[in-house]
Protein chains: 2
Amino acid sequence: MPNSLKVAVVGLGTVGAETIRVLQRNAPVIAARCGRPIEVVAVSARTPGRERGFSMEGITWYDDPVALVSGHHVDVVCELVGGEDGVAGQVVRAALGRGYHVVTANKALLAHHGAELAALAEKNGVALGWEAAVAGGIPVVKVLREGLSANQISCVYGILNGTCNYILTNMRETGRNFADVLLDAQKLGYAEADPSFDVDGVDTAHKLAILTSLAFGTRTDFGAIHVEGIRSLTAMDIAFADELGYRIKLLGIARATDRGIEQRVHPCLVRKDAPIAAVEGVFNAVVAEGQFVGRSVLEGRGAGGGPTASAVVADLMDIAAWRVGPVFGVPVADLVPLPKWSMEARKGAYYVRLMVEDLPGVFAEIAAALRDAKVSMEAVVQRGRAPGEAVPVVMILHETVEAALNDALRRIRIIAAVVEPPQVIRIESF
Amino acid sequence: MPNSLKVAVVGLGTVGAETIRVLQRNAPVIAARCGRPIEVVAVSARTPGRERGFSMEGITWYDDPVALVSGHHVDVVCELVGGEDGVAGQVVRAALGRGYHVVTANKALLAHHGAELAALAEKNGVALGWEAAVAGGIPVVKVLREGLSANQISCVYGILNGTCNYILTNMRETGRNFADVLLDAQKLGYAEADPSFDVDGVDTAHKLAILTSLAFGTRTDFGAIHVEGIRSLTAMDIAFADELGYRIKLLGIARATDRGIEQRVHPCLVRKDAPIAAVEGVFNAVVAEGQFVGRSVLEGRGAGGGPTASAVVADLMDIAAWRVGPVFGVPVADLVPLPKWSMEARKGAYYVRLMVEDLPGVFAEIAAALRDAKVSMEAVVQRGRAPGEAVPVVMILHETVEAALNDALRRIRIIAAVVEPPQVIRIESF
């Protein structure tokens with residue numbers, strides 16, 4: 001049997017500890033499958049001495065992860081600390097600089113510094129694996145980079161954040177509002193104490209930034225993503241969507257258009273019979289449209305120790321067997337800047353909910369505003385009558401350019417009887 | 001740029017011709033992604049001179065594929081002829097023997113001779129890629145072999161034959177019977193003139209045999225598979241299933257049990273909310289249950305020129321970049337014989353439809369037969385009343401061992417009022 005692959009694990013939270021448990025538990029089959037053993041020889045974390053469910057035999061402990069990387073000879077460093085900068089960035093840069101391969105689950109770091117780190121890996125002739133950074137256990141990076149590599153990808157989109165999908169699923173099933181469901185999700189450990197990374201769409205955007213780079217051969221450009229979260233969604237919107245044949249999902253979408261590459265994260269109405277609509281709870285799903293392969297769908301657990309460790313170890317096994325390739329699918333020099341694209345160029349249908357005072361003539365004003373903006377309506381639902389009070393009016397607008405929709409919304413906002421800012425949700429027809 | 005990978009394509013049917021079109025159309029991106037150009041230098045097919053939508057410049061034609069392999073220097077031979085033996089087997093063995101890599105879409109050949117061919121590839125230090133042999137464009141081989149390789153797989157199952165899935169979907173949507181829908185599918189090109197390979201479950205079993213080998217590290221054992229097709233399914237069964245909350249799908253299932261590894265192909269009732277139930281028409285889907293990753297679902301187009309060529313070219317790109325591994329995930333010497341397992345050991349629930357004369361006391365006889373076999377009933381539906389004529393009685397039986405069910409069926413068959421052999425469909429709860 002050839003030499004073992006020597007691994008350091010930095011960060012022993014849920015994913016780090018589980019990674020070592022997987023490596024220890026499945027050691028024989030892992031060695032058979034990748035042709036050599038994989039051995040953890042060093043670890044670093046903030047709290048020493050805690051029982052973490054794996055054997056420390058043969059493993060050297062470091063309090064300081066940077067000291068580990070500079071002082072211990074390893075083949076691969078697993079960075080499982082997380083965070084856009086700070087220790088994670090230091091560890092990854094130091095490891096790549098010393099000629100160590102790196103495996104990371106850190107989407108924030110890659111979304112902000114992807115091209116730089118890929119260049120550093122390339123310069124040092126080492127691998128930078130990031131399967132665990134997107135959609136947990138679903139091998140979407142491998143599928144896009146290798147499985148579908150014969151294709152030009154026209155579109156990749158998905159449910160990339162289990163917390164949001166859990167909240168939206170629960171809101172639909174219970175009819176409760178966002179704030180209540182979030183509180184429950186926090187109690188159950190499905191949402192962080194500070195949920196903003198998840199519910200404001202930032203985590204989804206991090207993942208989308210690096211998937212876009214891989215799918216389209218572009219330099220990661222987090223700043224180019226249009227990002228909206230799910231805080232403004234109400235139980236009422238979810239119920240109206242259901243009635244109209246839709247589910248509401250927070251999607252990350254990257255699509256090649258003749259005006260550039262769209263990158264956007266926002267709640268979407270998707271038809272109930274679309275494959276993505278059936279993905280519920282903490283599950284993630286990614287859909288890619290390839291030129292020859294057509295639509296491919298991957299679904300699985302997008303977070304948690306087991307699934308994420310499964311992806312980390314798969315990357316380690318690829319390195320052990322030396323099945324590696326360019327970080328974002330092509331050499332860094334071939335990555336092109338992301339062609340600019342503006343959200344105002346988006347073409348599609350829209351769900352618009354207005355709260356209007358129930359007075360005669362209001363609907364004529366709304367219809368005139370739409371007409372003047374050259375936006376046409378496919379359906380309208382008005383629920384209940386309450387003379388003098390605000391009632392919801394939901395409209396499904398035919399496909400239009402978002403700039404025209406914005407024009408219509410400006411006209412609608414100044415109608416006196418429209419008492420709240422319009423709720424607008426884009427409809428995606430996949 | 002390093003030397004190109006030189007490829008011969010044997011068989012220029014739908015998949016062979018499309019493979020060359022993909023390679024020619026996407027040549028620049030393919031070279032960028034795998035680090036070197038991939039070039040078709042020789043082809044062989046039965047009919048020369050036909051226009052096939054690709055340029056023959058730089059490509060040598062051979063009438064005899066075996067002469068191609070023995071006479072032309074190449075790096076890889078793509079065998080796209082098909083068939084369990086004959087030319088395909090000759091070409092593959094000759095190519096491996098000469099030290100050429102092989103890429104094939106031939107599930108029949110691998111299902112019958114998988115371990116032998118893997119050993120030949122290993123002995124000659126070459127790759128044998130078969131992504132295109134299972135589920136067309138869905139990279140299920142890559143996902144099982146690499147993406148989920150950190151896991152022990154407990155179960156892999158799927159819809160592996162688009163023809164059957166198209167027929168079952170169409171039967172449900174139109175309420176028509178098998179024979180009528182098959183005729184339409186043949187006219188539309190979704191079914192062969194001789195449909196037996198598809199509708200009798202043989203094609204699904206070929207694919208299952210090699211997926212099992214990969215998922216469980218066992219030697220391919222086609223003969224160990226229990227195979228049933230879809231010919232006996234009626235519009236009535238599909239309607240009853242629908243009413244009871246199920247879809248009927250032809251599944252290939254491999255599962256590790258404490259009594260061995262099940263390998264079976266047969267129609268199944270699956271609950272409508274199971275991910276596999278929503279896979280309709282010509283789409284394929286594969287579900288794997290991994291120890292750490294949990295349930296992973298892959299869905300996409302399982303057949304056709306584009307998707308299958310996408311998989312062939314992905315294998316070629318892996319060879320060009322030398323991202324390869326053992327044919328069935330571990331070295332041939334590590335593959336273990338499939339532990340024996342008998343269908344009588346299957347544990348699960350059952351749908352049983354009887355046609356009975358509508359006479360007093362018949363149901364008491366049926367109930368007694370079940371009781372005597374120690375099989376219990378969850379639900380029963382009887383449709384219509386027609387004194388003196390045969391009416392359907394549909395029972396859902398609680399989980400039991402198949403041996404006990406068979407005992408019950410023997411007792412039921414001899415009841416005089418039961419006028420047809422019972423229709424039995426296994427219920428799978430995933």
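Per chain, numbering begins at 1; letters A, B, ... match sequence-line order.
Only the backbone of B:Val324 comes within contact range of chain A, with heavy atoms under 4.5 Å apart. Proximity to chain B involves both the backbone and the side chain of A:Val330, based on heavy atoms less than 4.5 angstrom apart. With a threshold of 4.5 angstrom between heavy atoms, A:Arg21 does not approach chain B through any atom at all. Contacts of A:Asp334 with chain B are made by side-chain atoms alone, with heavy-atom separations under 4.5 Å and no backbone atom involved.
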Decide yes or no on salt bridge (Lys or Arg N to Asp or Glu O under 4.0 Å) for B:Asp315 and B:Lys142, but give the supporting numbers first.
-> CA-CA 9 Å; B:Asp315 271 348; B:Lys142 179 168 282 283; over 6 Å; no

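For the set B:Ile38, B:Asn151, B:Leu298, the entry with the most heavy-atom pairs within less than 4.5 Å of chain A is B:Asn151. Ranked by heavy-atom pairs under 4.5 Å with chain B, the list A:Pro307, A:Gly300, A:Pro331 is led by A:Pro307. Of all the listed residues (B:Glu131, B:Glu18, B:Arg301, B:Gln291), the one sharing the greatest number of non-hydrogen pairs under 4.5 Å with chain A is B:Gln291. Contact tally against chain B (heavy-atom pairs below 4.5 Å) for A:Ile30, A:Val22, A:Val287, A:Val312: the top residue is A:Val22. Looking only at heavy-atom pairs under 4.5 Å with chain B, the residue among A:Gly137, A:Pro139, A:Ser149 that has the most is A:Ser149. The greatest number of non-hydrogen atom pairs below 4.5 Å with chain A, out of B:Gln152, B:Glu146, B:Glu280, is found for B:Glu146.
Counting heavy atoms from C-beta outward, B:Arg33 and B:Val29 have side chains that approach closer than 4.5 Å. No side-chain heavy atom of B:Val40 sits under 4.5 Å from any side-chain heavy atom of B:Phe54. A heavy-atom distance below 4.5 Å is found between the side chains of A:Arg271 and A:Tyr246. At least one side-chain heavy atom of A:Leu160 sits less than 4.5 Å from a side-chain heavy atom of A:Val286.
Using cut-offs of 30° and 60° for the angle between ring planes, the A:Tyr157 and A:Phe430 rings count as parallel.
Between the side chains of B:Ser154 and B:Glu289, not a single donor N or O lies within less than 3.5 Å of an accepting N or O.
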